[in-house]
2 protein chains.
Amino acid sequence: MSTRGERTERTERGERGRRGDTRQRLYRAAVDLIAEQGYTATTVDAIAERAGVAKGTVFYNFGSKEALFAGLLDHGIERLADALAEAARAPSASPVATLDALVLAQLRFVDEYGPFARVLLAEMWRAAWQEAVLRLRTSVLGVYERVLEEAVRAGELREGLDTATAATAVFGMVLTVAIERRALRPDHPLDDVHATLVELIHGRISGR
Amino acid sequence: MSTRGERTERTERGERGRRGDTRQRLYRAAVDLIAEQGYTATTVDAIAERAGVAKGTVFYNFGSKEALFAGLLDHGIERLADALAEAARAPSASPVATLDALVLAQLRFVDEYGPFARVLLAEMWRAAWQEAVLRLRTSVLGVYERVLEEAVRAGELREGLDTATAATAVFGMVLTVAIERRALRPDHPLDDVHATLVELIHGRISGR
DNA sequence: CCTTTTGAACTGACCAGTCGGCACAAAAAG
DNA sequence: CTTTTTGTGCCGACTGGTCAGTTCAAAAGG
């Protein structure tokens with residue numbers, strides 16, 4: 001609610017130039033700290049210090065701690081959605097093969113942006129960030145859901161499958177496993193994890 | 001840190017009597033508020049007020065906000081572990097059928113103790129609660145893992161399956177879906193959700 | 001009586017947000 | 001070319017308020 005910030009529309013999405021740099025540094029510092037301590041426990045002073053920036057700069061760029069966090073969520077969700085959309089766009093043998101690629105892409109995303117993934121998992125269901133959750137559901141879960149529907153149409157998955165629930169299930173499964181791996185079993189090879197999850201989804205898990 | 005709290009070992013697990021009542025009320029109030037606002041944002045004053053208890057009582061019973069929260073986590077994890085263990089103990093046609101029962105039990109638990117489930121999901125990977133996480137892994141995930149191993153031994157699941165990863169996967173999948181259902185689709189019948197998840201796990205999802 | 005709870009006052013630390021000012025580059029004026 | 005102005009990004013001390021935890025005398029309970 002400051003009169004400042006977002007003053008220059010010249011740089012459009014604020015990605016370029018000095019200011020863009022500062023914002024990236026603040027996102028990074030904030031997500032790291034919030035992943036460790038939680039949103040409320042993370043002070044703006046600490047974020048500024050880790051980013052190598054004065055406290056005033058945070059408010060100059062974002063107006064409030066909440067706005068910084070909202071921007072951070074949007075930014076990360078956009079990256080995740082892009083990563084999944086790209087994986088879905090790549091040519092594959094079948095819709096189910098595309099699903100495998102989505103799982104791998106999500107695993108890789110968490111591997112690379114672990115702190116963001118933890119923040120996402122922790123804050124996903126907080127009422128305060130409704131807007132961001134909505135974006136997550138349409139842009140990220142939407143990718144899963146579309147691929148699942150395609151697989152149903154192609155006859156690869158059972159007709160009448162509740163694709164919305166299945167999409168959430170796969171997303172949550174991958175997120176949980178990937179975060180656990182990063183936290184407790186970092187040398188467990190990503191491909192092994194991917195193989196196990198894919199088995200689970202395909203039903204190749206069954207020995208019958 | 002405080003010299004007070006945990007004074008009487010007479011009531012052992014502090015479940016009975018006047019003091020036990022107070023503790024239960026405090027657990028409930030705390031878990032509700034923390035689910036909504038997060039740990040740090042929830043003040044002891046607010047917890048005491050919602051529990052209908054004086055602030056001093058919180059510190060008389062738990063010694064600190066942190067100890068209250070640690071007790072709350074332990075308490076909830078124990079309940080969850082009990083619920084799953086009971087489901088696993090019930091007679092069933094096969095290990096895989098037991099797995100289905102576990103999923104249903106977990107769904108029901110989240111349905112009943114939604115706020116706790118949200119707190120668990122949010123705080124699960126925070127370094128501060130290492131001890132509780134360890135208990136979660138041995139007592140809750142352990143139930144899943146044992147059933148999965150049994151299914152492997154019975155030849156119902158593929159030999160060599162990474163049961164540890166699979167256990168985490170199923171647990172995270174169910175937790176995510178159940179919380180999403182509670183938050184956004186409360187009238188979606190629990191049994192439908194259960195059916196979809198069970199299909200996913202069994203591989204009956206495949207139409208081939 | 002001994003345990004538990006109450007309620008209110010107090011402290012000391014901590015924190016989001018503010019504000020006046022600095023640095024610097026590029027444009028405008030001379 | 002030199003000087004002045006302007007806009008932008010950044011700085012960091014400061015403020016007003018909040019909160020965990022303490023203390024304690026008195027009451028309730030069993």
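Model, not experiment: these values are computed from the prediction. In what follows, every heavy atom counts, from backbone to side chain, and hydrogens, waters and symmetry copies are set aside.
- The side-chain hydrogen bond (donor to acceptor under 3.5 Å, both in side chains) test with B:Y113 is passed by exactly one of B:R79, B:R118, B:R28, B:R108: B:R79.
- Side-chain N/O atoms of B:S64 include none lying less than 4.0 angstrom from OP1 or OP2 on D:dA20.
- Proximity of B:Y60 to the phosphate of C:dT5: no side-chain N or O atom is located under 4.0 Å from OP1 or OP2.
- Between A:F62 and A:Y27, the angle of the ring planes lies from 30° to 60°, which puts this pair in the tilted group.
- In this structure, the CZ atom of A:R23 is 8 Å from the P atom of D:dG9, given to the nearest Å.
- In this structure, B:L26 atom CG and C:dT4 atom P are separated by 14 Å, rounded to whole Å.
- Listed by residue number, there are no residues of residues 29-51 of chain B with a heavy-atom contact under 4.0 Å to DNA chain C.
- The ring-ring contact (aromatic ring centres under 6.0 Å, His included) check on B:F69 picks up B:Y39, B:W129, with sequence neighbours excluded.
- With B:I77 as reference, B:L136 is the one residue of B:T138, B:V133, B:D82, B:L136 to meet the side-chain contact (heavy atoms from CB on, under 4.5 Å) rule.
- Residue B:K55 has its side chain nearest to D:dG21 when only D:dG21, D:dG9, C:dT6 are considered.
- The distance from atom CZ of A:R25 to atom C1' of D:dG9 is 13 Å, rounded to the nearest whole Å.
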(Q) Checking A:S92 against A:T98 for the side-chain hydrogen bond (donor to acceptor under 3.5 Å, both in side chains) test, could you report, in this order, the C-alpha distance in whole Å, the side-chain angles of both residues, the deciding distance, and whether it holds? (A) CA-CA 6 Å; A:S92 74; A:T98 305; 2.6 Å; yes
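- Under a 4.0 Å N-O distance rule, the pair B:E123/B:R126 qualifies as a salt bridge.
- Checking the phosphate oxygens (OP1, OP2) of D:dC11, a side-chain nitrogen or oxygen of A:T57 falls inside 4.0 Å.
- Under 4.0 angstrom from either OP1 or OP2 of D:dG9 there lies no side-chain N or O belonging to A:N61.
- For B:F59, the side-chain atoms get nearest to D:dT22 when compared with the rest of D:dT22, C:dT6, C:dT4.
- Between the A:K65 side chain and the A:T42 main chain, a donor and an acceptor come within less than 3.5 Å of each other.
- Taking every side-chain heavy atom of B:A54 into account, C:dT6 is the closest of D:dC10, C:dT6, C:dT5.
- The NZ atom of B:K65 sits 12 Å away from the C1' atom of D:dT18 (whole-angstrom rounding).
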